[in-house]
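Data block below; observations after.
Order of the sequence lines fixes the chain letters, A, B, ..., with proteins taken first and strands second; residue numbering starts at 1 for each chain.
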Amino acid sequence: MENPANVRVIAAIRQIPPGQVAGYGEVARRAGLPGRARMVARLLAGNDDPDLPWHRVVRADGRIAFPAGSRQHLEQCRRLRAEGVRVEGGRVRGMRRSPSLDERLWGDPG
DNA sequence: ACCTTGACAGCGA
DNA sequence: TTCGCTGCCAAGG
C-alpha cells in the first residue's frame, strides 16, 4: 500500500467487528474518504491479504456484490454465516439500512 | 486527452 | 421490492 488512503480503507475494513457487516460507501466514509465507495471496491478487488475481513463488506442494501453462484459469492456467504450473520438470498439480514438524510436530520419518524 | 470498465450509492418509477 | 438511470471516483486501453 503506497497510498495512505488505501491504508485507511484497509484499516476501516479491519475495524468491522466479526458478525457485523458494512457497506462499501460506509467503509469509505469511516476511512475518511466519503464518496470513494468504488475505490474500496477496487482495493478489495486487488486485495491479497487473506487476513482482511473482506467478507464483511457488502453493498449498501446488504446484498453480496458477487453474482449468485460465483465461488466468491459462496465463500463470502459461507464466512458471514460462520460469524453468525444471517444471509438469505445472497442478502444480509439483521443489517439496518442507513436512514435517509431527512430522517437523520429530522430525527422524527414523521 | 477520451472512452470504457468496475466487489458502488442514491433516487424515482 | 425490483428495475433503470444518474452521479461518483480511479485505473486501463
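- Looking at residues 63-71 of chain A, you'll see A/Ala65, A/Phe66 sit with a heavy atom under 4.0 Å from some atom of DNA chain B.
- When rounded to the nearest whole Å, the span between CD of A/Glu88 and P of C/dT1 equals 13 Å.
- Using a 4.0 Å cut-off between a side-chain N of Lys or Arg and a carboxylate O of Asp or Glu, A/Glu83 and A/Arg81 do not qualify as a salt bridge.
- Within the structure, side-chain hydrogen bond (donor to acceptor under 3.5 Å, both in side chains) contacts touching residues 29-40 of chain A (residues at least two apart or in different chains) do not occur.
- Across A/Val27 and A/Ala12, no two heavy atoms sit closer than the pair O-CB, 3.7 Å.
- We find that CZ of A/Arg59 is positioned 13 Å from C1' of C/dT2, with the value rounded to whole Å.
- With a 6.0 Å radius and a threshold of 12 heavy atoms from other residues, nucleotides or ligands, A/Arg86 has its CZ atom at or below the threshold.
- Rounded to whole Å, the distance from CG on A/Leu44 to P on C/dA10 is 16 Å.
- Computed from coordinates, the A/Asp61 CG to B/dG12 C1' distance equals 16 Å when rounded to whole Å.
- Backbone-only contact: A/Arg91 has heavy atoms under 4.0 Å from sugar-phosphate atoms and none from a base.
- Under the 3.5 Å distance criterion, the side-chain polar atoms of A/His55 are left unmatched by any main-chain donor or acceptor of A/Arg79.
- Contact detail for A/Ala22 and A/Ile16: the closest heavy-atom pair is CB-CD1, 3.7 Å.
- In this structure, the side chain of A/Gln76 engages the main chain of A/Val57 through a donor-acceptor pair within 3.5 Å.
- Near-neighbour residues of DNA chain B inside residues 30-41 of chain A, defined by a heavy atom below 4.0 Å, number-ordered: A/Ala37, A/Arg38, A/Ala41.
- A/Ile16 places its CD1 atom 18 Å from the P atom of B/dA7, with the value rounded to the nearest Å.
- In plain terms, the two heavy atoms of A/Val40 and A/Tyr24 that are nearest each other are CG2-O, 3.7 Å.
- Following rounding to the nearest Å, A/Arg29 (CZ) and B/dC8 (P) show an atom-to-atom distance of 17 Å.
- Here the P atom of nucleotide B/dA7 and the CH2 atom of A/Trp54 are 13 Å apart, to the nearest Å.
- Within the 3.5 Å criterion, the main-chain N or O of A/Arg91 finds no donor-acceptor partner in the side chain of A/Arg63.
- The CG-P distance, from A/Asp48 to B/dA7, rounds to 16 Å in whole Å.
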